[in-house]
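Have a look at the structure below before the remarks.
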There are 2 protein chains.
Amino acid sequence: MTSPHRSTDGRSRGGRPARISRQEILAAARHLIESQGVAHLTMRQLAAAIGTTPMAIYYHVKNKDELLLLLLDDYASSVQAPVLPDDPRERLFITACFMHDVLAECPWIVEILTAEDLLAASALWIVENILDSAIRCGLTPEQAVHAYRSIWYYAAGEILVRAASVSRRAEMDKPVYRDELFTQLDAERLPRLAALTDRWTDLTSRDTFRSGLDALVTGLLVMHGAGAAAQLSAETSP
Amino acid sequence: MTSPHRSTDGRSRGGRPARISRQEILAAARHLIESQGVAHLTMRQLAAAIGTTPMAIYYHVKNKDELLLLLLDDYASSVQAPVLPDDPRERLFITACFMHDVLAECPWIVEILTAEDLLAASALWIVENILDSAIRCGLTPEQAVHAYRSIWYYAAGEILVRAASVSRRAEMDKPVYRDELFTQLDAERLPRLAALTDRWTDLTSRDTFRSGLDALVTGLLVMHGAGAAAQLSAETSP
DNA sequence: ACCTGAACACCGTTCAAGT
DNA sequence: ACCTGAACACCGTTCAAGT
(Lines give C-alpha, C1' and ligand atoms only; values in the text may rest on other atoms or scores of the structure.)
Protein backbone atom coordinates (compact mmCIF):
# COMPACT_ATOMS: atom_id res chain seq x y z
CA MET A 1 0.00 0.00 0.00
CA THR A 2 1.15 3.53 -0.77
CA SER A 3 0.04 7.15 -0.55
CA PRO A 4 -1.52 8.70 2.56
CA HIS A 5 -3.84 5.65 2.82
CA ARG A 6 -3.28 3.86 6.10
CA SER A 7 -2.86 0.12 5.52
CA THR A 8 -4.30 -0.73 8.92
CA ASP A 9 -6.77 1.46 10.73
CA GLY A 10 -4.04 3.35 12.57
CA ARG A 11 -5.28 6.09 14.86
CA SER A 12 -4.79 9.50 13.39
CA ARG A 13 -2.39 11.51 15.50
CA GLY A 14 -3.06 15.20 15.24
CA GLY A 15 -4.78 17.07 12.43
CA ARG A 16 -8.42 17.20 11.58
CA PRO A 17 -10.58 14.48 13.12
CA ALA A 18 -11.88 11.95 10.60
CA ARG A 19 -15.54 12.12 9.79
CA ILE A 20 -15.65 8.70 8.16
CA SER A 21 -13.53 5.60 8.65
CA ARG A 22 -12.59 2.64 6.51
CA GLN A 23 -14.80 0.44 8.62
CA GLU A 24 -17.74 2.73 8.09
CA ILE A 25 -17.16 2.71 4.36
CA LEU A 26 -16.96 -1.08 4.26
CA ALA A 27 -20.07 -1.52 6.36
CA ALA A 28 -22.00 0.88 4.17
CA ALA A 29 -20.75 -0.82 1.02
CA ARG A 30 -21.81 -4.21 2.27
CA HIS A 31 -25.21 -2.94 3.27
CA LEU A 32 -25.63 -1.28 -0.10
CA ILE A 33 -24.72 -4.47 -1.93
CA GLU A 34 -26.99 -6.64 0.16
CA SER A 35 -30.00 -4.37 -0.12
CA GLN A 36 -29.65 -3.13 -3.69
CA GLY A 37 -27.41 -5.60 -5.49
CA VAL A 38 -23.79 -5.30 -6.48
CA ALA A 39 -24.60 -3.21 -9.54
CA HIS A 40 -25.55 -0.35 -7.24
CA LEU A 41 -22.17 -0.27 -5.57
CA THR A 42 -20.69 2.80 -7.18
CA MET A 43 -18.43 5.30 -5.55
CA ARG A 44 -21.09 7.94 -5.98
CA GLN A 45 -23.97 5.95 -4.53
CA LEU A 46 -21.78 4.75 -1.70
CA ALA A 47 -20.86 8.33 -0.86
CA ALA A 48 -24.50 9.31 -0.92
CA ALA A 49 -25.36 6.45 1.43
CA ILE A 50 -22.72 7.58 3.90
CA GLY A 51 -23.67 11.20 3.47
CA THR A 52 -20.43 12.49 2.02
CA THR A 53 -18.85 13.22 -1.35
CA PRO A 54 -17.43 10.55 -3.66
CA MET A 55 -13.98 12.00 -3.20
CA ALA A 56 -13.98 11.64 0.55
CA ILE A 57 -13.90 7.87 -0.01
CA TYR A 58 -10.76 8.17 -2.08
CA TYR A 59 -8.92 9.42 0.93
CA HIS A 60 -9.55 6.18 2.80
CA VAL A 61 -9.38 3.78 -0.13
CA LYS A 62 -7.13 3.85 -3.16
CA ASN A 63 -9.80 3.09 -5.75
CA LYS A 64 -12.78 0.88 -6.41
CA ASP A 65 -10.67 -2.24 -6.93
CA GLU A 66 -9.13 -1.88 -3.51
CA LEU A 67 -12.56 -1.31 -2.04
CA LEU A 68 -13.72 -4.63 -3.51
CA LEU A 69 -10.66 -6.42 -2.20
CA LEU A 70 -11.18 -5.01 1.28
CA LEU A 71 -14.80 -6.06 1.08
CA LEU A 72 -13.82 -9.64 0.23
CA ASP A 73 -11.32 -9.77 3.06
CA ASP A 74 -13.81 -8.28 5.47
CA TYR A 75 -16.36 -10.92 4.57
CA ALA A 76 -13.86 -13.77 4.76
CA SER A 77 -12.75 -12.79 8.23
CA SER A 78 -16.33 -12.59 9.46
CA VAL A 79 -16.91 -16.22 8.57
CA GLN A 80 -16.21 -18.70 11.32
CA ALA A 81 -14.63 -22.04 10.62
CA PRO A 82 -16.78 -25.15 10.99
CA VAL A 83 -15.83 -28.19 13.02
CA LEU A 84 -14.07 -30.56 10.66
CA PRO A 85 -13.89 -34.35 10.72
CA ASP A 86 -10.56 -36.17 11.16
CA ASP A 87 -10.81 -38.53 8.21
CA PRO A 88 -8.86 -36.76 5.45
CA ARG A 89 -11.09 -37.70 2.53
CA GLU A 90 -14.12 -36.47 4.45
CA ARG A 91 -12.31 -33.35 5.59
CA LEU A 92 -11.30 -32.56 2.02
CA PHE A 93 -14.88 -32.85 0.89
CA ILE A 94 -16.37 -30.88 3.76
CA THR A 95 -13.85 -28.05 3.50
CA ALA A 96 -14.40 -27.72 -0.22
CA CYS A 97 -18.16 -27.64 0.34
CA PHE A 98 -17.68 -24.99 2.98
CA MET A 99 -15.55 -22.86 0.68
CA HIS A 100 -18.20 -23.09 -1.99
CA ASP A 101 -21.16 -22.46 0.27
CA VAL A 102 -19.60 -19.44 1.92
CA LEU A 103 -18.99 -17.83 -1.44
CA ALA A 104 -22.33 -18.89 -2.86
CA GLU A 105 -24.12 -17.15 -0.02
CA CYS A 106 -23.02 -13.73 -1.20
CA PRO A 107 -23.40 -13.64 -4.97
CA TRP A 108 -21.84 -10.19 -5.16
CA ILE A 109 -18.56 -11.95 -4.59
CA VAL A 110 -18.71 -13.16 -8.16
CA GLU A 111 -17.82 -9.75 -9.50
CA ILE A 112 -14.81 -9.68 -7.28
CA LEU A 113 -13.64 -13.19 -8.01
CA THR A 114 -13.25 -12.47 -11.68
CA ALA A 115 -11.58 -9.16 -10.99
CA GLU A 116 -9.45 -9.93 -7.98
CA ASP A 117 -7.39 -12.65 -6.46
CA LEU A 118 -9.23 -15.70 -5.29
CA LEU A 119 -7.80 -15.67 -1.84
CA ALA A 120 -8.08 -13.19 0.92
CA ALA A 121 -5.56 -13.53 3.72
CA SER A 122 -8.23 -14.49 6.16
CA ALA A 123 -9.39 -17.40 4.01
CA LEU A 124 -6.06 -19.12 3.62
CA TRP A 125 -6.93 -21.68 6.27
CA ILE A 126 -9.37 -23.15 3.78
CA VAL A 127 -6.64 -23.73 1.23
CA GLU A 128 -4.41 -25.09 3.96
CA ASN A 129 -7.08 -27.57 4.99
CA ILE A 130 -7.70 -28.80 1.50
CA LEU A 131 -3.98 -29.23 0.83
CA ASP A 132 -3.43 -31.00 4.12
CA SER A 133 -6.37 -33.34 3.62
CA ALA A 134 -5.24 -34.22 0.12
CA ILE A 135 -1.70 -34.95 1.30
CA ARG A 136 -3.01 -37.12 4.10
CA CYS A 137 -5.04 -38.99 1.50
CA GLY A 138 -1.74 -39.94 -0.07
CA LEU A 139 -1.14 -37.22 -2.67
CA THR A 140 2.20 -35.51 -3.06
CA PRO A 141 2.25 -31.75 -2.35
CA GLU A 142 2.26 -31.03 -6.08
CA GLN A 143 -0.69 -33.31 -6.65
CA ALA A 144 -2.45 -31.67 -3.72
CA VAL A 145 -2.01 -28.21 -5.27
CA HIS A 146 -3.34 -29.57 -8.51
CA ALA A 147 -6.31 -31.11 -6.71
CA TYR A 148 -7.00 -27.83 -4.96
CA ARG A 149 -6.97 -25.97 -8.24
CA SER A 150 -9.37 -28.41 -9.88
CA ILE A 151 -11.74 -28.10 -6.97
CA TRP A 152 -11.50 -24.35 -7.11
CA TYR A 153 -12.32 -24.29 -10.84
CA TYR A 154 -15.32 -26.48 -10.25
CA ALA A 155 -16.62 -24.46 -7.30
CA ALA A 156 -16.00 -21.08 -8.91
CA GLY A 157 -17.64 -22.25 -12.13
CA GLU A 158 -20.71 -23.46 -10.31
CA ILE A 159 -21.09 -20.17 -8.49
CA LEU A 160 -20.58 -18.07 -11.59
CA VAL A 161 -22.93 -20.10 -13.75
CA ARG A 162 -25.59 -20.15 -11.08
CA ALA A 163 -25.28 -16.41 -10.47
CA ALA A 164 -25.70 -15.84 -14.20
CA SER A 165 -28.77 -18.05 -14.40
CA VAL A 166 -30.34 -16.36 -11.40
CA SER A 167 -29.87 -12.90 -12.88
CA ARG A 168 -31.27 -14.24 -16.12
CA ARG A 169 -34.37 -15.42 -14.35
CA ALA A 170 -34.74 -11.95 -12.88
CA GLU A 171 -35.13 -10.47 -16.33
CA MET A 172 -38.04 -11.65 -18.38
CA ASP A 173 -36.83 -11.87 -21.97
CA LYS A 174 -34.20 -14.58 -21.64
CA PRO A 175 -36.50 -17.60 -21.11
CA VAL A 176 -37.96 -16.73 -24.47
CA TYR A 177 -34.64 -17.20 -26.21
CA ARG A 178 -33.91 -20.44 -24.40
CA ASP A 179 -37.35 -21.85 -25.20
CA GLU A 180 -36.93 -20.82 -28.80
CA LEU A 181 -33.70 -22.77 -28.88
CA PHE A 182 -35.27 -25.92 -27.55
CA THR A 183 -38.42 -25.94 -29.62
CA GLN A 184 -36.44 -25.61 -32.83
CA LEU A 185 -34.28 -28.59 -32.00
CA ASP A 186 -33.45 -30.83 -34.89
CA ALA A 187 -34.31 -34.27 -33.51
CA GLU A 188 -32.30 -35.94 -36.26
CA ARG A 189 -29.03 -34.25 -35.45
CA LEU A 190 -29.59 -33.69 -31.73
CA PRO A 191 -31.64 -36.68 -30.55
CA ARG A 192 -30.42 -36.72 -26.97
CA LEU A 193 -31.23 -33.06 -26.43
CA ALA A 194 -34.55 -33.41 -28.19
CA ALA A 195 -35.51 -36.30 -25.91
CA LEU A 196 -34.69 -34.15 -22.89
CA THR A 197 -36.50 -30.98 -24.00
CA ASP A 198 -39.28 -31.22 -21.45
CA ARG A 199 -37.07 -32.05 -18.52
CA TRP A 200 -34.14 -29.75 -19.27
CA THR A 201 -35.26 -26.81 -17.17
CA ASP A 202 -36.08 -29.10 -14.27
CA LEU A 203 -32.85 -31.05 -14.48
CA THR A 204 -30.61 -28.00 -14.79
CA SER A 205 -32.23 -26.20 -11.89
CA ARG A 206 -31.36 -28.94 -9.41
CA ASP A 207 -28.46 -28.46 -7.05
CA THR A 208 -25.91 -31.10 -7.99
CA PHE A 209 -22.88 -29.32 -6.64
CA ARG A 210 -22.11 -31.83 -3.91
CA SER A 211 -22.60 -34.83 -6.09
CA GLY A 212 -20.29 -33.46 -8.76
CA LEU A 213 -17.71 -32.45 -6.19
CA ASP A 214 -17.80 -35.95 -4.80
CA ALA A 215 -17.10 -37.33 -8.26
CA LEU A 216 -14.25 -34.90 -8.77
CA VAL A 217 -12.64 -35.76 -5.45
CA THR A 218 -13.03 -39.48 -6.12
CA GLY A 219 -11.46 -39.10 -9.53
CA LEU A 220 -8.57 -37.00 -8.23
CA LEU A 221 -7.73 -39.55 -5.56
CA VAL A 222 -8.10 -42.55 -7.86
CA MET A 223 -6.02 -40.95 -10.57
CA HIS A 224 -3.20 -40.10 -8.27
CA GLY A 225 -2.97 -43.59 -6.92
CA ALA A 226 -4.69 -42.85 -3.64
CA GLY A 227 -7.45 -45.30 -4.43
CA ALA A 228 -7.56 -46.56 -0.87
CA ALA A 229 -8.83 -43.21 0.35
CA ALA A 230 -11.15 -42.72 -2.60
CA GLN A 231 -14.05 -44.81 -1.40
CA LEU A 232 -17.33 -43.13 -2.15
CA SER A 233 -18.71 -40.90 0.53
CA ALA A 234 -22.29 -41.04 1.74
CA GLU A 235 -23.30 -37.89 -0.14
CA THR A 236 -23.52 -39.82 -3.39
CA SER A 237 -26.81 -39.09 -5.10
CA PRO A 238 -27.51 -38.68 -8.81
CA MET B 1 -37.24 -10.68 -31.24
CA THR B 2 -39.44 -7.59 -31.55
CA SER B 3 -39.49 -4.07 -32.96
CA PRO B 4 -38.29 -3.15 -36.44
CA HIS B 5 -35.17 -5.31 -35.87
CA ARG B 6 -34.99 -8.10 -38.39
CA SER B 7 -34.35 -11.45 -36.70
CA THR B 8 -32.54 -12.83 -39.74
CA ASP B 9 -30.75 -10.65 -42.24
CA GLY B 10 -33.84 -10.26 -44.43
CA ARG B 11 -33.29 -8.13 -47.50
CA SER B 12 -34.83 -4.74 -47.14
CA ARG B 13 -37.60 -4.27 -49.67
CA GLY B 14 -38.01 -0.62 -50.56
CA GLY B 15 -37.12 2.43 -48.53
CA ARG B 16 -33.71 3.86 -47.94
CA PRO B 17 -30.76 1.56 -48.67
CA ALA B 18 -28.92 0.39 -45.58
CA ARG B 19 -25.49 1.84 -45.03
CA ILE B 20 -24.49 -0.72 -42.42
CA SER B 21 -25.60 -4.31 -41.85
CA ARG B 22 -25.73 -6.62 -38.89
CA GLN B 23 -22.88 -8.61 -40.33
CA GLU B 24 -20.76 -5.52 -40.67
CA ILE B 25 -21.50 -4.57 -37.08
CA LEU B 26 -20.58 -8.03 -35.82
CA ALA B 27 -17.38 -8.16 -37.84
CA ALA B 28 -16.34 -4.74 -36.57
CA ALA B 29 -17.19 -5.71 -32.99
CA ARG B 30 -15.12 -8.85 -33.21
CA HIS B 31 -12.21 -7.00 -34.71
CA LEU B 32 -12.44 -4.36 -32.02
CA ILE B 33 -12.46 -6.96 -29.27
CA GLU B 34 -9.56 -8.89 -30.70
CA SER B 35 -7.37 -5.86 -31.26
CA GLN B 36 -8.24 -3.75 -28.22
CA GLY B 37 -9.74 -6.11 -25.66
CA VAL B 38 -13.32 -6.61 -24.64
CA ALA B 39 -13.31 -3.54 -22.39
CA HIS B 40 -13.12 -1.38 -25.49
CA LEU B 41 -16.30 -2.79 -26.96
CA THR B 42 -18.69 0.04 -26.29
CA MET B 43 -21.51 1.17 -28.49
CA ARG B 44 -19.75 4.45 -29.01
CA GLN B 45 -16.35 3.06 -29.91
CA LEU B 46 -17.95 0.47 -32.15
CA ALA B 47 -19.84 3.18 -33.98
CA ALA B 48 -16.65 5.17 -34.39
CA ALA B 49 -14.89 2.12 -35.80
CA ILE B 50 -17.62 1.62 -38.36
CA GLY B 51 -17.79 5.31 -39.12
CA THR B 52 -21.32 5.96 -37.97
CA THR B 53 -23.21 7.19 -34.92
CA PRO B 54 -23.89 5.06 -31.85
CA MET B 55 -27.58 5.24 -32.56
CA ALA B 56 -27.31 3.76 -36.02
CA ILE B 57 -26.31 0.50 -34.34
CA TYR B 58 -29.49 0.48 -32.32
CA TYR B 59 -31.47 0.18 -35.46
CA HIS B 60 -29.85 -3.15 -36.30
CA VAL B 61 -29.44 -4.50 -32.78
CA LYS B 62 -31.76 -4.18 -29.80
CA ASN B 63 -29.10 -3.30 -27.25
CA LYS B 64 -25.65 -4.23 -26.07
CA ASP B 65 -26.76 -7.51 -24.52
CA GLU B 66 -28.18 -8.68 -27.83
CA LEU B 67 -25.01 -7.61 -29.55
CA LEU B 68 -22.99 -9.82 -27.21
CA LEU B 69 -25.32 -12.74 -27.76
CA LEU B 70 -25.07 -12.38 -31.53
CA LEU B 71 -21.32 -12.21 -31.20
CA LEU B 72 -21.25 -15.46 -29.25
CA ASP B 73 -23.44 -17.18 -31.78
CA ASP B 74 -21.38 -15.85 -34.64
CA TYR B 75 -18.22 -17.21 -33.10
CA ALA B 76 -19.75 -20.59 -32.29
CA SER B 77 -20.92 -21.08 -35.85
CA SER B 78 -17.50 -20.23 -37.23
CA VAL B 79 -15.94 -23.08 -35.30
CA GLN B 80 -15.72 -26.36 -37.13
CA ALA B 81 -16.26 -29.65 -35.37
CA PRO B 82 -13.27 -31.94 -34.90
CA VAL B 83 -13.17 -35.60 -35.85
CA LEU B 84 -14.27 -37.53 -32.81
CA PRO B 85 -13.31 -41.05 -31.68
CA ASP B 86 -15.91 -43.80 -31.40
CA ASP B 87 -15.13 -44.97 -27.89
CA PRO B 88 -17.65 -43.10 -25.71
CA ARG B 89 -15.38 -42.41 -22.76
CA GLU B 90 -12.77 -40.98 -25.10
CA ARG B 91 -15.34 -39.04 -27.05
CA LEU B 92 -16.72 -37.54 -23.84
CA PHE B 93 -13.26 -36.41 -22.85
CA ILE B 94 -12.29 -35.04 -26.25
CA THR B 95 -15.54 -33.15 -26.75
CA ALA B 96 -15.28 -31.57 -23.33
CA CYS B 97 -11.70 -30.55 -24.08
CA PHE B 98 -12.81 -29.10 -27.37
CA MET B 99 -15.57 -27.10 -25.72
CA HIS B 100 -13.10 -25.71 -23.24
CA ASP B 101 -10.37 -24.96 -25.74
CA VAL B 102 -12.66 -23.17 -28.15
CA LEU B 103 -13.88 -20.88 -25.41
CA ALA B 104 -10.45 -20.42 -23.91
CA GLU B 105 -9.14 -19.18 -27.22
CA CYS B 106 -11.25 -16.05 -27.08
CA PRO B 107 -11.13 -14.73 -23.54
CA TRP B 108 -13.62 -12.00 -24.35
CA ILE B 109 -16.23 -14.73 -24.23
CA VAL B 110 -15.89 -14.75 -20.47
CA GLU B 111 -17.74 -11.48 -20.15
CA ILE B 112 -20.55 -12.92 -22.16
CA LEU B 113 -20.71 -16.22 -20.36
CA THR B 114 -21.43 -14.60 -17.05
CA ALA B 115 -23.96 -12.27 -18.61
CA GLU B 116 -25.64 -14.51 -21.10
CA ASP B 117 -26.76 -18.04 -21.64
CA LEU B 118 -24.05 -20.65 -21.93
CA LEU B 119 -25.30 -22.07 -25.13
CA ALA B 120 -25.58 -20.61 -28.55
CA ALA B 121 -27.74 -22.51 -30.98
CA SER B 122 -24.78 -23.35 -33.15
CA ALA B 123 -22.92 -24.97 -30.27
CA LEU B 124 -25.60 -27.40 -29.23
CA TRP B 125 -23.89 -30.27 -30.99
CA ILE B 126 -21.25 -30.13 -28.29
CA VAL B 127 -23.80 -30.68 -25.56
CA GLU B 128 -25.40 -33.40 -27.65
CA ASN B 129 -22.07 -35.17 -28.00
CA ILE B 130 -21.28 -35.03 -24.32
CA LEU B 131 -24.73 -36.32 -23.39
CA ASP B 132 -24.59 -39.08 -25.96
CA SER B 133 -21.12 -40.18 -24.90
CA ALA B 134 -22.11 -40.25 -21.26
CA ILE B 135 -25.20 -42.29 -21.98
CA ARG B 136 -23.19 -44.74 -24.05
CA CYS B 137 -20.84 -45.03 -21.09
CA GLY B 138 -23.77 -46.38 -19.15
CA LEU B 139 -25.27 -43.32 -17.49
CA THR B 140 -28.99 -42.61 -17.48
CA PRO B 141 -30.11 -39.45 -19.30
CA GLU B 142 -30.50 -37.65 -15.97
CA GLN B 143 -27.04 -38.68 -14.88
CA ALA B 144 -25.70 -37.58 -18.24
CA VAL B 145 -27.20 -34.10 -17.81
CA HIS B 146 -25.68 -33.95 -14.38
CA ALA B 147 -22.31 -35.03 -15.74
CA TYR B 148 -22.53 -32.39 -18.45
CA ARG B 149 -23.25 -29.72 -15.89
CA SER B 150 -20.33 -30.72 -13.70
CA ILE B 151 -18.01 -30.63 -16.67
CA TRP B 152 -19.36 -27.25 -17.66
CA TYR B 153 -18.77 -25.84 -14.19
CA TYR B 154 -15.23 -27.12 -14.22
CA ALA B 155 -14.45 -25.81 -17.70
CA ALA B 156 -16.11 -22.43 -17.18
CA GLY B 157 -14.36 -22.03 -13.84
CA GLU B 158 -10.98 -22.77 -15.34
CA ILE B 159 -11.50 -20.22 -18.08
CA LEU B 160 -12.75 -17.54 -15.75
CA VAL B 161 -10.02 -18.02 -13.19
CA ARG B 162 -7.34 -18.08 -15.84
CA ALA B 163 -8.70 -15.00 -17.55
CA ALA B 164 -8.66 -13.21 -14.20
CA SER B 165 -5.08 -14.24 -13.48
CA VAL B 166 -3.95 -13.16 -16.92
CA SER B 167 -5.48 -9.72 -16.54
CA ARG B 168 -3.90 -9.54 -13.10
CA ARG B 169 -0.50 -10.25 -14.58
CA ALA B 170 -1.11 -7.43 -17.04
CA GLU B 171 -1.35 -4.93 -14.23
CA MET B 172 1.67 -4.51 -12.03
CA ASP B 173 0.38 -3.98 -8.50
CA LYS B 174 -1.29 -7.34 -7.87
CA PRO B 175 1.80 -9.55 -7.59
CA VAL B 176 2.82 -7.29 -4.74
CA TYR B 177 -0.28 -8.17 -2.79
CA ARG B 178 0.06 -11.87 -3.47
CA ASP B 179 3.72 -11.89 -2.45
CA GLU B 180 2.86 -9.98 0.68
CA LEU B 181 0.33 -12.66 1.51
CA PHE B 182 2.82 -15.47 1.13
CA THR B 183 5.74 -13.92 2.95
CA GLN B 184 3.61 -13.20 5.98
CA LEU B 185 2.45 -16.80 6.22
CA ASP B 186 2.22 -18.20 9.70
CA ALA B 187 4.10 -21.48 9.39
CA GLU B 188 2.53 -22.75 12.60
CA ARG B 189 -1.04 -22.40 11.48
CA LEU B 190 -0.50 -22.88 7.73
CA PRO B 191 2.39 -25.35 7.42
CA ARG B 192 1.40 -26.84 4.07
CA LEU B 193 1.13 -23.44 2.42
CA ALA B 194 4.33 -22.26 4.04
CA ALA B 195 6.18 -25.29 2.70
CA LEU B 196 4.91 -24.50 -0.79
CA THR B 197 5.67 -20.77 -0.78
CA ASP B 198 8.52 -20.95 -3.26
CA ARG B 199 6.78 -23.24 -5.69
CA TRP B 200 3.27 -21.80 -5.53
CA THR B 201 3.59 -19.44 -8.50
CA ASP B 202 5.17 -22.15 -10.59
CA LEU B 203 2.65 -24.81 -9.64
CA THR B 204 -0.39 -22.61 -10.16
CA SER B 205 0.76 -21.38 -13.55
CA ARG B 206 0.84 -24.88 -15.02
CA ASP B 207 -1.95 -26.02 -17.28
CA THR B 208 -3.66 -28.87 -15.47
CA PHE B 209 -7.02 -28.56 -17.14
CA ARG B 210 -6.89 -31.90 -18.93
CA SER B 211 -5.64 -33.81 -15.96
CA GLY B 212 -8.38 -32.41 -13.74
CA LEU B 213 -11.01 -33.05 -16.37
CA ASP B 214 -9.83 -36.62 -16.63
CA ALA B 215 -10.26 -37.00 -12.88
CA LEU B 216 -13.72 -35.49 -13.01
CA VAL B 217 -14.85 -37.77 -15.83
CA THR B 218 -13.42 -40.80 -14.06
CA GLY B 219 -15.21 -39.88 -10.87
CA LEU B 220 -18.51 -39.23 -12.62
CA LEU B 221 -18.42 -42.61 -14.33
CA VAL B 222 -17.30 -44.51 -11.24
CA MET B 223 -19.88 -42.85 -9.06
CA HIS B 224 -22.73 -43.60 -11.38
CA GLY B 225 -21.86 -47.24 -11.57
CA ALA B 226 -20.27 -47.08 -14.99
CA GLY B 227 -16.95 -48.25 -13.62
CA ALA B 228 -16.29 -50.43 -16.61
CA ALA B 229 -16.00 -47.38 -18.86
CA ALA B 230 -14.06 -45.35 -16.32
CA GLN B 231 -10.62 -46.76 -16.95
CA LEU B 232 -8.03 -44.04 -16.91
CA SER B 233 -7.24 -42.44 -20.21
CA ALA B 234 -3.72 -41.87 -21.49
CA GLU B 235 -3.78 -38.14 -20.70
CA THR B 236 -3.15 -38.81 -17.04
CA SER B 237 -0.29 -36.68 -15.80
CA PRO B 238 0.12 -34.99 -12.42
C1' DA C 1 -36.55 2.36 -43.97
C1' DC C 2 -32.64 3.95 -42.14
C1' DC C 3 -29.98 7.28 -39.79
C1' DT C 4 -28.71 11.76 -37.06
C1' DG C 5 -28.25 15.13 -32.98
C1' DA C 6 -29.10 16.42 -28.84
C1' DA C 7 -30.04 15.10 -24.44
C1' DC C 8 -30.61 12.22 -20.01
C1' DA C 9 -28.83 9.92 -16.35
C1' DC C 10 -25.20 7.92 -15.12
C1' DC C 11 -19.86 6.16 -14.32
C1' DG C 12 -14.51 6.30 -12.02
C1' DT C 13 -10.99 9.39 -11.19
C1' DT C 14 -7.82 13.68 -11.02
C1' DC C 15 -6.60 17.99 -9.40
C1' DA C 16 -6.51 22.29 -6.90
C1' DA C 17 -8.35 24.26 -3.21
C1' DG C 18 -10.38 24.73 1.39
C1' DT C 19 -10.46 24.02 6.72
C1' DA D 1 -5.09 15.41 8.17
C1' DC D 2 -9.19 15.20 6.11
C1' DC D 3 -12.58 16.76 2.97
C1' DT D 4 -14.96 19.62 -0.96
C1' DG D 5 -16.17 21.30 -5.85
C1' DA D 6 -15.55 21.45 -10.23
C1' DA D 7 -14.06 19.18 -14.06
C1' DC D 8 -12.51 15.36 -17.42
C1' DA D 9 -13.38 11.64 -20.13
C1' DC D 10 -16.23 8.40 -20.48
C1' DC D 11 -20.75 5.03 -20.46
C1' DG D 12 -25.83 2.92 -22.46
C1' DT D 13 -30.04 4.45 -24.02
C1' DT D 14 -34.29 7.38 -25.37
C1' DC D 15 -36.61 10.47 -28.16
C1' DA D 16 -37.83 13.57 -31.84
C1' DA D 17 -36.46 14.78 -36.04
C1' DG D 18 -34.43 14.38 -40.66
C1' DT D 19 -33.91 12.15 -45.52
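Every chain is numbered from 1, with letters handed out A, B, ... down the list of sequences.
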If the condition is salt bridge (Lys or Arg N to Asp or Glu O under 4.0 Å), which residues does B/Arg189 pass it with, not counting sequence neighbours?
none
Please enumerate all residues that pass side chain to side chain contact (heavy atoms under 4.5 Å, CB included) together with B/His31, with sequence neighbours excluded.
B/Ser35
Sequence neighbours excluded, the answer for ring pair (Phe, Tyr, Trp, His ring centres under 6.0 Å) partners of A/Phe209 is A/His100, A/Tyr154
Contacts of type side-chain hydrogen bond (donor to acceptor under 3.5 Å, both in side chains), residue B/Arg149, not counting sequence neighbours:
A/Thr208, B/Tyr153
Give a yes or no answer on whether the side chain of B/Ser150 reaches the backbone of B/His146 with a donor-acceptor pair at less than 3.5 Å.
yes
Hey, does the side chain of A/Tyr59 come within less than 4.0 Å of D/dC2's phosphate (OP1/OP2), counting only N and O?
yes
So which protein nitrogen or oxygen atoms get under 3.5 Å of nucleotides 10-14 of chain D's nitrogens or oxygens?
unit_1, atom_1, unit_2, atom_2, d
D/dC11, OP1, B/Thr42, OG1, 3.3
D/dC11, OP1, B/Gln45, NE2, 2.7
D/dC11, N4, B/Arg44, NH2, 3.3
D/dG12, OP1, B/Met43, N, 3.4
D/dG12, OP1, B/Lys64, NZ, 3.1
D/dG12, OP2, B/Met43, N, 3.1
D/dG12, N7, B/Arg44, NH1, 2.2
D/dG12, O6, B/Arg44, NH1, 3.0
D/dG12, O6, B/Arg44, NH2, 3.2
D/dT13, OP2, B/Tyr58, OH, 2.7
D/dT13, OP2, B/Lys64, N, 3.1
D/dT13, O5', B/Tyr58, OH, 3.4

Partner residues of B/Thr53 under the side chain to side chain contact (heavy atoms under 4.5 Å, CB included) criterion, sequence neighbours left out
B/Ala56
Say we look at C/dC10 and D/dA9: how far apart would their C1' atoms be, to the nearest angstrom?
13 Å
Please state whether the phosphate of C/dG5, meaning OP1 or OP2, lies under 4.0 angstrom from any side-chain nitrogen or oxygen of B/Thr53.
no
In whole angstrom, what separates B/Leu46's CG from C/dC3's P?
14 Å
Point-to-point distance, once rounded to the nearest 0.5 Å, from OG1 of A/Thr201 to CG of A/Leu196
11.0 Å
For residues 100-109 of chain B, which residue pairs qualify under salt bridge (charged side-chain N to carboxylate O under 4.0 Å, His left out), counting only residues two or more places apart or in two chains?
B/Asp101-B/Arg210
What residues from residues 25-35 of chain A pass a heavy-atom cutoff of under 4.0 Å to DNA chain C?
none
Toss me the dot-bracket line for DNA chain C: Watson-Crick and G-U wobble, both under 3.5 Å, 5' to 3', using | for pairs to another strand and [ ] for crossers.
||.|||||...|||||.||
Phosphate OP1/OP2 of C/dC3: any B/His60 side-chain N/O under 4.0 Å:
yes
Under the side chain to side chain contact (heavy atoms under 4.5 Å, CB included) test, residues paired with B/Pro191 that sit two or more places apart:
A/Glu128
Results of salt bridge (Lys or Arg N to Asp or Glu O under 4.0 Å) for A/Asp202 - residues two or more places apart only:
A/Arg206
Taking only residues at least two apart or on different chains, which pairs with a member in residues 26-37 of chain A satisfy salt bridge (charged side-chain N to carboxylate O under 4.0 Å, His left out)?
A/Arg30-A/Glu34, A/Arg30-A/Asp74
Once you round it to whole Å, what is the distance between P of D/dC3 and CD1 of A/Ile50?
10 Å
